[in-house]
Amino acid sequence: MSSHVITPGPYRATKLWNEVTRLFRAGMPIRKHRQNFRHHAACFTASASVDWMHQLLRSNNNFGPDVTRQQTVQLLKKFLKNHVIEDVKGRWGTEDLEDNNTLYRFPSTSPLKPIPCPASASAPGSIKKKPSFRDKESFFRFRSIKKQLENETQENVDPALQAGGENEPIGEQQVLRRELTVDDEQEIWRDITLTHLQRILGVGSLDEVLDQRYVNPQNIIHNMTKVNKHGVVTLDDKTNDLPHWVLSAMKSLANWPKYDSAQPSYPGFERDVFKTVSDYFYSLPQPVLTYELYELFINVLGLLQPQCERVAIEALQLCTLLLPPNCRRKLQLLMRMMSRISQNVDMPRLHPAIGTRTLMVHTFSGCVLGSAEECDLDELLATRLVSFLMDHQHSILSVPEYLLSAINDHIQYLRTVQIPIDGVSSVDGGNPVCLPMPMYAFCRQISGAEFEQQKLASSQKAMEELLEMLLTDQNISEKDRRKKLKQFQKQYPDIYSRRLPSSDGTNDKPKIKPPLLNIKKTKAFSIRN
């Protein structure tokens, strides 16, 4: 059965629901069944639908191999509730589905959910986009050079040189400058982070997947600058931190059995500690990834493909920076504990029938990702995301150094650069302004013929320099010089003949005068010798 990855975009969860529904209706085998002395055409048993759907979800790139049979049963229950299927008597909605031989069929009506149309900017209740720092032309540009910057950006040229078209000494011109405020710096942190995120997700606008009212630049700054030596966020207000008894329980499980030998030990003690930790995380008022960022993380799931692993890690790196610091800290500590428990061969089984890794993923998926209003695919999508987070937690939850350097360099430039302009005031007549360095630079594209010509010229020049070095290097013996020149003549006869035209290119050896410094002084005649 053919399937495709649902790419990032608005209403991705609804699109995934429709995709699974389409695949199920198109591929689920149906046939005639006999039940209670009656024949029912074009139907299937609940157990057969569970088998088929479980295999579909495990092999589907949108969900992955961590889907359990019980999760599949839960999805089919939602299918029955939403009239994707019905029993052979036409009942649905209030009925329940079990993993047994009860017969079900497909209704004649379409079960696909309508995808809402995005609201226009002028519609009532639509969100007005906050003016971006990079949109403030009074800060970034002068009127006198605005047209020049829009028409052409020179390559490898200092922006300060592009702005000043006169050769007057700097001391004779008026130096204009505007200081960065705290709000300006926060806008830079916010805009650069969101620009990188939009590029990675490949969407036309982040408004499609993220309500930017919930993006707080102070969270980004805190998550990237206030971390301990292990990379875990530190909190200024300790009241928002995990309780001491929870931290103690998590350390005990993460370092089992080396954490504290003085702790009480009895059969099943580790299971009680594990239940204590899970109960705490499920008692939180909202999931660790927050309700506000639910749609964003759902869209990142479209990147969790084997061929896009590096891109998915970078996307999740940026997404988790948008979390409140206390939520990011909880996520870091939880993922570290889950990863260590899953890899600890000395850890006793925490469940008699479920493996440790599977138990970790399915226990904590519900408290990590979830929507404010229950979504039909929440459980399956959360399982997929938590599994990837646990496997790559060290990379995802570390500070992206490339982003930190880009932001700091940009802020430092805006603090120091000054463009000398004679007799030019700011646009709004207030504080003077300065022209910042463009954040991105682009090279001029050339044709294939130009590239080949440049490649040939560069390589020939390099070979000519090598030949000249062989001819003039005083540290090479004459024997080695002749040997290397002979090899060069064989490999590059054209270049050799241009430099030494007296050679016919066959067996003639180049006549090279020995350097004067190598002439040995003759010994004076002596009667004693």
Side-chain angles (χ1 to χ4, degrees), residues 1-7 11-116 298 301-302 304-305 353-355 358 361-362 365-366 371 373-384 387:
M1 180 58 59
S2 63
S3 64
H4 64 278
V5 177
I6 305 299
T7 56
Y11 310 108
R12 186 171 183 272
T14 303
K15 294 177 182 178
L16 282 172
W17 170 270
N18 288 343
E19 173 72 2
V20 174
T21 302
R22 181 186 66 81
L23 294 175
F24 181 60
R25 284 174 61 91
M28 177 63 202
I30 55 177
R31 61 184 181 87
K32 178 190 268 189
H33 285 81
R34 178 185 174 91
Q35 188 178 70
N36 297 330
F37 303 104
R38 293 187 58 185
H39 290 280
H40 302 277
C43 59
F44 50 87
T45 65
S47 296
S49 66
V50 173
D51 293 336
W52 193 91
M53 178 61 79
H54 189 209
Q55 182 62 32
L56 170 69
L57 295 175
R58 287 173 57 86
S59 60
N60 190 289
N61 290 328
N62 295 301
F63 302 99
D66 290 316
V67 178
T68 64
R69 187 176 181 87
Q70 182 58 35
Q71 286 180 319
T72 307
V73 173
Q74 294 299 322
L75 177 60
L76 289 172
K77 288 177 181 287
K78 294 176 180 178
F79 272 11
L80 183 59
K81 180 180 179 180
N82 289 275
H83 206 195
V84 177
I85 59 177
E86 62 185 16
D87 67 12
V88 290
K89 296 182 179 179
R91 295 174 299 187
W92 60 277
T94 59
E95 304 298 317
D96 196 13
L97 183 142
E98 301 293 338
D99 191 354
N100 54 25
N101 292 323
T102 305
L103 296 178
Y104 294 91
R105 66 188 183 190
F106 293 119
S108 58
T109 57
S110 173
L112 300 181
K113 293 185 177 181
I115 298 177
I298 288 297
L301 283 171
L304 303 189
Q305 314 303 325
I354 303 177
T358 303
V361 173
H362 291 280
S365 59
S371 57
E373 298 179 0
E374 183 182 359
C375 179
D376 295 317
L377 298 177
D378 268 358
E379 189 175 355
L380 294 175
L381 298 175
T383 300
R384 176 80 163 132
S387 178

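Residue numbers start at 1 and run along the sequence shown.
Aromatic pair Trp17/Phe79: ring centres closer than 6.0 Å.
With a 4.5 Å cut-off on side-chain heavy atoms, Leu301 and Asn62 do not count as touching. Between Phe63 and Val20, some side-chain heavy-atom pair lies under the 4.5 Å cut-off. With contacts defined as side-chain heavy-atom distances shorter than 4.5 Å, the pair Arg69/Asp99 qualifies. His54 places a side-chain heavy atom less than 4.5 Å from the side chain of Arg58. Residues Ile30 and Cys43 are not in side-chain contact: their nearest non-hydrogen atoms beyond the backbone lie 4.5 Å or more apart. Side-chain contact between Val88 and Tyr104: absent, with no pair of heavy atoms (C-beta onward) separated by less than 4.5 Å. With contacts defined as side-chain heavy-atom distances shorter than 4.5 Å, the pair Leu75/Leu57 qualifies. Within the 4.5 Å cutoff, the side chain of Thr72 has heavy atoms near those of the Val67 side chain.
For Lys113, the NZ atom sits in a packed shell: over 12 heavy atoms of surrounding residues, nucleotides or ligands are nearer than 6.0 Å. More than 12 heavy-atom neighbours from other residues, nucleotides or ligands sit within 6.0 angstrom of CZ on Arg34.
Glu86 has a carboxylate O that lies under 4.0 Å from a charged side-chain N of Arg105, or vice versa, which qualifies the two as a salt bridge. Comment: Asp66 does not engage Arg384 in a salt bridge, judged by the lack of any side-chain N to carboxylate O separation of less than 4.0 angstrom. Between Lys81 and Glu95, none of the side-chain N atoms (NZ, or NE/NH1/NH2) sits under 4.0 Å from a carboxylate O, so this pair counts as no salt bridge.
Here Phe106 contributes atom CZ and Ile85 contributes atom CD1; the two are 7.5 Å apart, rounded to the nearest 0.5 Å. The line from CG of Asn100 to OG1 of Thr45 is 8.5 Å long, rounded to the nearest 0.5 Å.
Judged purely by distance below 3.5 Å, without hydrogens or angles, the side chains of Thr383 and Gln71 pair a donor atom with an acceptor atom.
Ring-plane geometry between Phe24 and Trp52 is classed as tilted, the angle between the planes lying from 30 to 60 degrees on a 0 to 90 degree scale.
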